[in-house]
Amino acid sequence: MNNKPTRIIIVFALGLCTMVNAQKTDATAPLHLTQPDYPTPYVIPQKENIKAVLDRVYNFLDKNSASKIVDANTKAVITDYKKSNQDIIFERGAFRLTSYEWGVTYAGMLLAAKATGEKYFADYSNKRIQLITDIAANYKEKNIKDTGMFKTLHPEALDDAGALCAAFIKAKKEGLKANIDPLVNNYIDFISNKQFRLKDGTLARNRPQDNTLWLDDMFMSVPALAQMGSYTGDVKYFDDAVKQVDQFSERMFNSQKGIYMHGWVESMQVHPQFHWARANGWALMTMVELLEVLPKNHPGYPLVLSQLQKHIAGLMQYQDGTGFWHQLLDRNDSYLETSATAIYAYSIARAINRGYVDKMTYAPAVLLAWNAVASKVNDKGQVEGTCVGTGMAFDPAFYYHRPVNVFAAHGYGPVLLAGAEVILLLKESQFEINDSSIQLKIPGKNNQVK
């Protein structure tokens with residue numbers, strides 16, 4: 001009798017039993033502690049690691065953005081501004097020193113100095129703001145051949161005025177000795193008196209259609225108005241700032257979704273809603289920046305605080321599992337975008353640190369967002385995955401296919417702000433991995449799963 005098939009069956013059965021016994025099951029292992037393959041590091045960020053990211057960004061920007069002016073014809077560096085009869089431009093750099101994006105970057109550097117204690121971050125901003133004020137004070141307009149600098153003297157849009165105005169005042173408050181007042185007064189005069197507005201006073205543009213609201217313009221105006229109110233003590237600036245938040249939100253905030261549309265045109269009977277991520281970031285940061293200086297007894301304070309809280313709650317519904325937010329917030333097949341994610345990380349962390357929203361509820365998502373942003377800062381200090389400058393559209397293709405570029409200036413200030421504010425969050429709070437998830441650790445409490 002041939003017993004070979006029987007032996008094969010027995011060996012196979014023994015092997016199968018061994019494999020089953022070696023396999024992790026609910027009875028043999030704590031499966032809930034199995035580590036997933038996270039696409040973004042699921043860790044509590046460390047302050048020293050965040051600083052390393054900020055240092056990379058600083059080093060890249062310090063090497064690639066101008067800090068001097070040169071003769072427009074010979075390109076020789078100018079050191080004596082008293083000899084101001086020559087044509088000048090900024091030395092060559094990869095970024096414009098007088099753009100709204102760089103207003104955000106100046107603010108980011110100032111905050112990074114506070115969070116890390118490293119003076120070189122603030123020096124970056126102070127050196128360049130001093131340079132801009134020196135040019136304005138010493139050179140005739142006919143000799144200023146840099147287009148961006150000329151728009152600083154003669155703003156043509158809110159983009160030319162608001163973010164820079166707010167950053168200059170912040171730098172002054174932090175100890176900058178430059179005489180910023182002539183430029184700041186010029187900026188705020190444009191915002192308050194020259195920029196086009198709707199009949200009810202809402203700041204607007206006549207592009208791409210007449211009487212158009214751009215959500216971006218909340219940030220291009222309100223933080224400057226708020227800082228001016230704080231700087232001068234004149235309540236009219238706070239009043240205008242609150243009015244803008246209220247009237248933009250009334251028209252553009254989708255209360256069901258908890259997020260804003262990008263554009264609103266007065267003549268449209270139906271308003272197409274494209275919830276562009278970075279514009280929502282500008283709106284979010286606007287409210288955080290306003291509450292920072294708005295007196296608590298101002299009648300508009302509760303309105304702004306409530307609107308901020310509703311917006312944060314809405315945004316949290318759309319955070320992707322990677323920690324990023326999508327280019328169009330409510331369309332998960334649109335790409336993951338870095339600058340908006342960084343703005344949300346900064347603004348929500350700031351809201352937590354100032355007590356505007358609950359720390360236990362929102363801090364873990366902020367840490368995840370920072371980890372996502374940090375993964376996009378390459379070894380050179382360049383910020384990857386940032387959408388380039390973007391107009392307004394009423395079709396999805398426009399937003400889906402906007403390019404990304406490491407020289408899109410919009411990413412750098414938000415990354416600096418986000419990293420700095422998360423450092424401040426970590427200084428004030430403790431976190432732990434509890435049952436595999438990141439949780440706020442409450443002092444004196446035993447949060448361990450039993």
Side-chain angles (χ1 to χ4, degrees), residues 57-58 61 65-67 90 93-113 121-122 124-133 135-136 146-174 176 178 180-191 195 203 214 216-228 230-231 237 241 278-279 281-286 288-290 292-293 339 342-343 346-347 350 383 386 389 408-418 420-421:
V57 173
Y58 165 82
L61 295 184
S65 50
S67 61
F90 290 113
F95 302 97
R96 296 170 292 143
L97 297 188
T98 55
S99 67
Y100 70 86
E101 302 97 326
W102 238 238
V104 183
T105 300
Y106 296 141
M109 289 286 187
L110 293 170
L111 187 60
F121 288 110
Y124 175 95
S125 296
N126 291 338
K127 180 190 296 185
R128 289 161 177 83
I129 295 172
Q130 179 74 64
L131 178 62
I132 293 166
T133 60
I135 294 171
D146 183 90
T147 302
M149 185 65 209
F150 192 81
K151 286 183 179 181
T152 289
L153 302 177
H154 298 282
E156 298 175 358
L158 291 172
D159 294 9
D160 303 328
L164 288 166
C165 181
F168 284 20
I169 296 174
K170 287 181 179 181
K172 187 73 171 182
K173 289 178 176 178
E174 294 298 318
L176 176 65
I180 65 166
D181 288 1
L183 285 175
V184 162
N185 290 334
N186 187 50
Y187 289 140
I188 211 70
D189 178 60
F190 178 82
I191 296 169
Q195 173 63 31
L203 290 159
W214 294 56
D216 319 53
D217 284 344
M218 281 178 66
F219 180 76
M220 306 304 165
S221 60
V222 171
L225 291 166
Q227 287 295 326
M228 199 67 178
S230 174
Y231 188 51
Y237 297 114
R278 190 160 65 228
W282 295 137
L284 182 69
M285 186 157 35
T286 291
V288 170
E289 296 282 318
L290 175 54
E292 183 79 11
V293 293
S339 67
I343 295 172
Y346 159 69
S347 300
R350 189 83 164 180
V383 176
T386 295
H410 314 71
Y412 291 91
V415 168
L416 290 163
L417 288 167
E421 198 64 38

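Count residues from 1 along the sequence.
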Which pair of non-hydrogen atoms, one from [X] and one from [Y], has the smallest distance, and what is that distance?
X      : Y      : result
Phe190 : Pro155 : CE1-O, 3.2 Å
Met218 : Pro223 : O-CD, 3.5 Å
Ala136 : Met149 : N-CE, 4.0 Å
Lys173 : Ser230 : NZ-OG, 2.8 Å
Ala107 : Ala167 : N-CB, 4.3 Å
Ala224 : Ile188 : O-CD1, 3.8 Å

Under 4.5 Å between any side-chain heavy atoms of [X] and [Y], yes or no?
X      : Y      : result
Leu416 : Leu111 : no
Leu131 : Phe90  : yes
Asp159 : Glu101 : no
Glu174 : Ser125 : no
Arg96  : Thr147 : no
Asp216 : Tyr100 : no
Tyr237 : Ile191 : no
Val184 : Lys172 : no

Is there a side-chain contact (heavy atoms from CB on, under 4.5 Å) between Asn126 and Leu110 once you walk through the steps?
CA-CA 9 Å; Asn126 291 338; Leu110 293 170; 4.1 Å; yes
Run the side-chain contact (heavy atoms from CB on, under 4.5 Å) test on Leu203 and Met220 for me, step by step, so that the C-alpha distance in whole Å, both residues' side-chain angles and the decisive distance to 0.1 Å come before the verdict.
CA-CA 10 Å; Leu203 290 159; Met220 306 304 165; over 6 Å; no
Could you tell me whether a side-chain N or O of Asp160 sits under 3.5 Å from a main-chain N or O of Ala157, the two making a donor and an acceptor?
yes
Passes side-chain contact (heavy atoms from CB on, under 4.5 Å), Tyr106 versus Leu97? Steps please.
CA-CA 9 Å; Tyr106 296 141; Leu97 297 188; 3.5 Å; yes
Hey, which of Leu290, Leu417, Val222 is the one that makes side-chain contact (heavy atoms from CB on, under 4.5 Å) with Met285?
Leu417
Ion pair present between Glu289 and Arg350, side-chain N to carboxylate O less than 4.0 angstrom?
no
Could you measure the distance from the [atom1] atom of [X] to the [atom2] atom of [Y]? Nearest 0.5 Å is fine.
X      : Y      : atom1 : atom2 : value
Leu183 : Thr98  : CG    : OG1   : 10.5 Å
Phe95  : Trp102 : CZ    : CH2   : 4.5 Å
Ile343 : Thr286 : CD1   : OG1   : 9.5 Å
Asp189 : Met228 : CG    : CE    : 9.5 Å
Lys127 : Ser67  : NZ    : OG    : 4.5 Å
Tyr187 : Ile180 : OH    : CD1   : 10.0 Å

For Phe219, all residues meeting ring pair (Phe, Tyr, Trp, His ring centres under 6.0 Å), sequence neighbours excluded
Trp282
Does the pair Glu421 and Val288 meet the rule for a side-chain contact (heavy atoms from CB on, under 4.5 Å), with working shown?
CA-CA 12 Å; Glu421 198 64 38; Val288 170; over 6 Å; no
Determine, stepwise, if the pair Ser65 / Tyr124 fulfils side-chain hydrogen bond (donor to acceptor under 3.5 Å, both in side chains).
CA-CA 10 Å; Ser65 50; Tyr124 175 95; 2.6 Å; yes
